[in-house]
Student: 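First the structure, then my questions, so here it is.
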Amino acid sequence: MEELKPEDEKPPILGSWKNLYLLLVFFLVIQILIYYFITISFS
Amino acid sequence: MNYLDWTILFGTLLFIVLYGVYKTRGSQNMESYLLGDKNMKWWTIGLSVMATQASAITFLSTPGQAYEDGMGFIQFYFSLPLAMIVLSVTVIPVYYRLKVYTAYEYLENRFDLKTRTLAAGLFLIQRGLAAGITIYAPAIILSAILGWPLTVTNLIIGVLVIIYTVSGGTKAVSQTQKQQMAVMMGGMVVALIVLVYKLPPAVSFGDAIDVAGNMGKLNLVDFSWDPENRYTFWSGMLGSFFLFLSYFGTDQSQVQRYLSGKSITESRLGLLFNGLLKIPMQFLILFIGAMVFVFFQFYQPPVFFNEAVKFKAEQSAEGTKLINLEEEYNQIFQQKKESLELAITREGEESKAAYLEAQNLQDKENAIRKEVKTLIITADPAAEIKDTDYVFITFIMNYLPHGVIGLLLAVIFSAAMSSTAGELNALASTTTVDIYKRSVNKSATDQHYLVSSKMFTFLWGVLAIAFATFASLLDNLIEAVNILGSLFYGTILGIFLVAFYFKKVKGNAVFYAALIAEAIVVLVYMTTKLAFLWLNPLGCGIVIGIALLLQQLENKKEIRE
């Protein structure tokens, strides 16, 4: 991984880039679960 | 359309164009023109990335896809957030450290000039043709519906884009894309609200969801491994993950959007913003298609949505058969409508039985549509029988109120313009930086390169319009351009993956591997029936494999020497 400047070392929220990526994955999983729930409601 | 629709349509488009030109007035240099002075904030980047990808076909074709096949296409986008994360971690810091203008500039730093020129050349061919299609594909549909000559529609889209893209460069593109996204999203929300409002009084929003679900349109996620099912969770994830990595990581039309970020943080947040919002955006567009389907369960749809093609077939020897099929279709529609009205007013087993009856009648309708398409092809073998692109526009023109029609047409034109602008900006950058400045005229002034960039933007714009205008003269052109994209994307991605992840491979190995991989991909395409989507990972895998092998051989040769 490339070294970052101090202002790029962490995002403005959540304290670290890893936390932000995990949040995005979390939202993705939640969406997939919601869409799956909709799908099985009618199958 | 009436005066209100025309006012809203052209007022919106002209406002966006003039605003873009006004906001980017003033002196410029090459960095400000191509990279927006590198001071874009994350929300501008995120909206710009989304607007560049969302062409008019997204808004014309995607609702039609949901109408016909249900919402399963959303699975294609599930891997996009993951691709954004990978690019944020690996690609963005590298591009920033090297202060590149284009993705291909990085390849010279990593390998050599010939690899950079090869990748840039492949991009220019593929994206140059795609820019023409970005204009042509919606123009052909709009021309058919509005009764305008194709050339006029091409020119409206193309000339408006050229004006602000030549004038203001990257900044103008990004600024106008913000407004275009607002128009696109606002317009689709309005369309959904009006659509639900226009359902029969007896059909509530909840009933509409029930009908869509029971008629198989809310088939969002399929975890099966069924190879005959076009859209499953697995094919979506696997098939699209590499495509998104390649498109967002190596295609200059996207790279340019986030290279204009104020910092790595802004660029990363912009990409992650895209990763967050893209799936809900596609859900909205697909859901509108599902609701259009519900609408046409209670209002008679045409048996074939491309009225011009249907009319031509009706004048032929197959005309009588076609008209008879249409009458049969309309009768089945009435029966299905009654079944559905029963289904939503009853409960339990009665409702289930009514839905089952409606599903059977839907199957009969689908069979008639298939017969109709066969008749159309018999009457005219060159006719386009895929009519899903005309479903949403037919609904807009025939059922939405005046004013909203103008707004929705503004959505479609905005989408065409936002994508074309991103493409022209990228084509000009690559031509100027990777070809002209690097190899043709190496020591001119910054002002000279600025003027060259504007000229190349204009030239690519003219080429795109010309290509769009002559596209109708060639058979299966859109298919040809899609094939071209699939033939090149895998190789380009392979070059970049080697660059990022296989540090021991050098310029010669990857260059010759790319040439060999390209030859193999073309051979496979010409001699087998492998689906286009698989050409991407194939090309990519071959580049990596052969590059590693060639580097091994070169290392052994050096040791022996």
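Convention: sequence-line order gives letters A, B, ...; per-chain numbering from 1. When reading the values below, keep in mind they use all heavy atoms of this one structure, side chains included, and skip hydrogens, waters and symmetry mates.
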Student: Top residue by heavy-atom pair count (under 4.5 Å) with chain A, among B:P81, B:A212, B:G216?
Tutor: B:P81
Student: Measure the shortest side-chain to side-chain distance between B:F233 and A:Y36 over non-hydrogen atoms and say whether it is less than 4.5 angstrom.
Tutor: no
Student: Can you say whether B:F223 sits under 4.5 Å from chain A via the side chain, the backbone, both, or neither, judging by heavy atoms?
Tutor: side chain
Student: Inspect the surroundings of NZ in B:K38 and state if more than 12 heavy atoms from other residues, nucleotides or ligands are less than 6.0 Å away.
Tutor: yes
Student: Taking all atoms of both residues into account, what is the closest heavy-atom pair of A:L24 and B:G275, and its distance?
Tutor: CD1-C, 4.0 Å
Student: Atom CZ of residue position B:F242 - does it have more than 12 heavy atoms of other residues, nucleotides or ligands inside 6.0 Å?
Tutor: no
Student: Go through the atoms of A:F27 and report whether side chain, backbone, both or neither lie under 4.5 Å from a heavy atom of chain B.
Tutor: side chain
Student: Under 3.5 Å, side chain of A:T39 to main-chain N/O of B:V221, donor-acceptor pair present?
Tutor: yes
Student: Heavy-atom pairs under 4.5 Å with chain A - which of B:L80, B:I92, B:L218 has more of them than the others?
Tutor: B:L218
Student: Working to the nearest 0.5 Å, report the span between OH of A:Y35 and CE of B:M71.
Tutor: 7.5 Å
Student: Give the intermediate values and the outcome of side chain to side chain contact (heavy atoms under 4.5 Å, CB included) for residues B:I85 and A:L20.
Tutor: CA-CA 9 Å; B:I85 291 170; A:L20 202 55; over 6 Å; no
Student: When only pairs under 4.5 Å are counted, which of B:I209, B:I74, B:L82, B:L220 shares the most heavy-atom pairs with chain A?
Tutor: B:L220
Student: Shortest non-hydrogen contact from B:I279 to A:Q31?
Tutor: CG2-OE1, 3.3 Å
Student: Do B:L272 and A:Y21 have side chains that approach each other closer than 4.5 Å (heavy atoms only, starting at C-beta)?
Tutor: yes
Student: Checking heavy atoms, do the side chain of A:L28, its backbone, both or neither come under 4.5 Å from chain B?
Tutor: side chain
Student: Chain B heavy atoms under 4.5 Å from A:L23: which part of the residue, side chain, backbone, both or neither?
Tutor: neither
Student: Quick check on the interface: out of B:G72, B:S88, B:G213, who has the most heavy-atom pairs with chain A under 4.5 Å?
Tutor: B:G213
Student: If you count every heavy atom of other residues, nucleotides or ligands that lies below 6.0 Å from A:F26 atom CZ, does the total exceed 12?
Tutor: no
